[in-house]
Amino acid sequence: MDFGRVVALSDLTLQVGPGVTGLVGANGAGKSTLIKILLGLQAPTSGRATVLGHDVAQDSALVRRVVGYMPEHDCLPPDVSASDFVVHLARMSGLPVAVARERAADILRIVGLDEERYRLLGTYSTGMKQRAKLAQALVHDPELVFLDEPTNGLDPASRMDMLRLVRRIGTDFKIPVLVTSHLLGELEKVSDHVVILDAGTLLRSSATSQFLDVSGALLVEVLGGVAERDLLGQELAAAGLPCRPHHRTVRVDPPPKGVDVHRVVRDVVADHGLGLVRIEPDHGHLEDVFTEGVPHV
Ligand SMILES: Nc1ncnc2c1ncn2[C@@H]1O[C@H](COP(=O)(O)OP(=O)(O)O)[C@@H](O)[C@H]1O
Ligand SMILES: [Mg+2]
């Protein structure tokens with residue numbers, strides 16, 4: 001996708017399966033552009049996309065009927081109640097009025113807007129608006145949903161609530177979800193699969209368990225501060241272990257075969273009078289993909 005000077009997405013090939021897929025990347029990475037292309041709202045400069053087996057360029061109306069979309073920016077009419085708004089959208093997608101009312105009431109209850117559903121959307125807080133946007137994306141029982149930054153503008157508690165809802169859509173309702181966030185670590189707990197975009201290119205796409213897998217690396221922490229951590233790192237590196245600083249710990253990458261990491265760590269700690277706090281497998285975090293420290297070696 002080429003916006004004149006800005007190439008928002010280039011040579012991107014990816015597949016989204018069942019469950020929750022987290023699309024992660026810094027602001028401007030191309031997440032919203034990708035979703036708009038997948039909905040047929042924006043035409044790619046080149047390439048093609050298929051959603052649920054439909055080519056989005058040829059069948060964009062059909063794709064939008066079977067896909068639920070929660071846009072990033074506010075799209076709610078201020079002088080309509082949440083109930084009327086969601087019923088209206090349900091009717092637009094072809095549901096008879098009684099069914100539309102029932103579905104709207106159900107979905108508004110699920111997203112936690114039961115009591116406020118007759119209030120005008122213009123009076124809603126950001127958190128309530130996000131819930132209303134989510135409700136409209138789900139009311140027609142879509143086969144797939146795209147949620148663009150659903151936690152934007154939320155405080156930590158509402159953020160957790162929203163993430164739990166996202167997870168439920170994928171697990172309880174069994175609707176595959178593609179959800180974006182510019183907060184790099186935010187989606188690792190709710191996503192089965194993670195796609196990382198960086199400046200329009202695919203940095204990585206894999207099962208979340210692979211990011212968070214025991215990579216064979218170990219985290220070693222000693223008493224004290226940065227000085228002790230770095231002394232440990234330098235000495236472990238001098239002893240032949242590939243390692244780098246990682247928050248309060250030194251992360252030891254999988255060593256050459258035959259090296260007993262635990263013994264090397266024990267020896268280094270003892271030789272330098274360091275106090276060992278812990279040594280444990282590194283389960284990793286998504287943010288690490290972006291922010292790996294510079295190796296000690
Ligand atoms: N309509 C547009 N015209 C020109 N540039 C755009 C347009 N939409 C997005 N961009 C640019 O494309 C890049 C990707 O944007 P976007 O997909 O919104 O990123 P994200 O959603 O990951 O924050 C950014 O550099 C943005 O400024
Ligand atoms: Mg965006």
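Ligands are counted one by one from 1 in listed order, and the atoms in each one are counted from 1 as well.
The shortest N/O to N/O separation between Leu34 and ligand 1 does not fall below 3.5 Å. Checking only distances, Thr33 does come within under 3.5 Å of ligand 1, N or O to N or O.
Take the Mg ion (ligand 2) and draw a sphere of radius 2.8 Å; the protein N/O/S atoms inside it number 2.
For the pair Gly30 and ligand 1, a heavy-atom separation below 4.0 Å is found.
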Tabulate below the donor-acceptor pairs under 3.5 Å that side-chain atoms of residues 174-185 make, not counting sequence neighbours, or state none.
from   : atom 1 : to     : atom 2 : distance (Å)
Lys174 : NZ     : Thr171 : O      : 2.9
Thr180 : OG1    : Asp148 : OD1    : 2.7
Thr180 : OG1    : Glu149 : N      : 2.8
Ser181 : OG     : Leu183 : N      : 3.0
Ser181 : OG     : Leu183 : O      : 3.3
Ser181 : OG     : Glu186 : OE1    : 2.9
His182 : ND1    : Glu149 : OE1    : 2.7

Output a table of donor-acceptor pairs, distance under 3.5 Å, between side-chain atoms of residues 50-66 and any protein atom two or more places apart or on a different chain; print 'none' if there are none.
from  : atom 1 : to    : atom 2 : distance (Å)
Asp55 : OD1    : Ala57 : N      : 2.9
Asp55 : OD1    : Gln58 : N      : 3.3
Asp55 : OD2    : Arg48 : NE     : 3.3
Arg64 : NH1    : Leu39 : O      : 3.0

Under 3.5 Å donor-acceptor pairs involving side-chain atoms of residues 264-279, not counting sequence neighbours:
from   : atom 1 : to     : atom 2 : distance (Å)
His272 : ND1    : Val268 : O      : 3.1
Arg278 : NE     : Glu221 : OE1    : 2.6
Arg278 : NH1    : Glu280 : OE2    : 2.5
Arg278 : NH2    : Glu221 : OE1    : 3.2

Please test Thr21 against Val195 for side chain to side chain contact (heavy atoms under 4.5 Å, CB included), starting from the C-alpha separation and ending with a verdict. CA-CA 7 Å; Thr21 299; Val195 175; 3.9 Å; yes
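Exactly one of Ile110, Val20, Val190, Val145 qualifies for a side-chain contact (heavy atoms from CB on, under 4.5 Å) with Ile169. That residue is Val145.
Atoms of ligand 1 lying under 4.0 Å from any heavy atom of Asn27, numbered from 1 in the order shown and given with element: 23 (O). Distances below 4.0 Å separate heavy atoms of Ser32 from the following atoms of ligand 1: 17 (O), 18 (O), 20 (P), 21 (O).
Between Thr208 and Glu188, the closest heavy-atom pair is CG2-O, 3.4 Å.
To the nearest 0.5 angstrom, Leu108 atom CG is 9.0 Å from Tyr118 atom OH.
Residues Ser206 and His193 bring no donor and acceptor atom of their side chains to less than 3.5 Å of each other.
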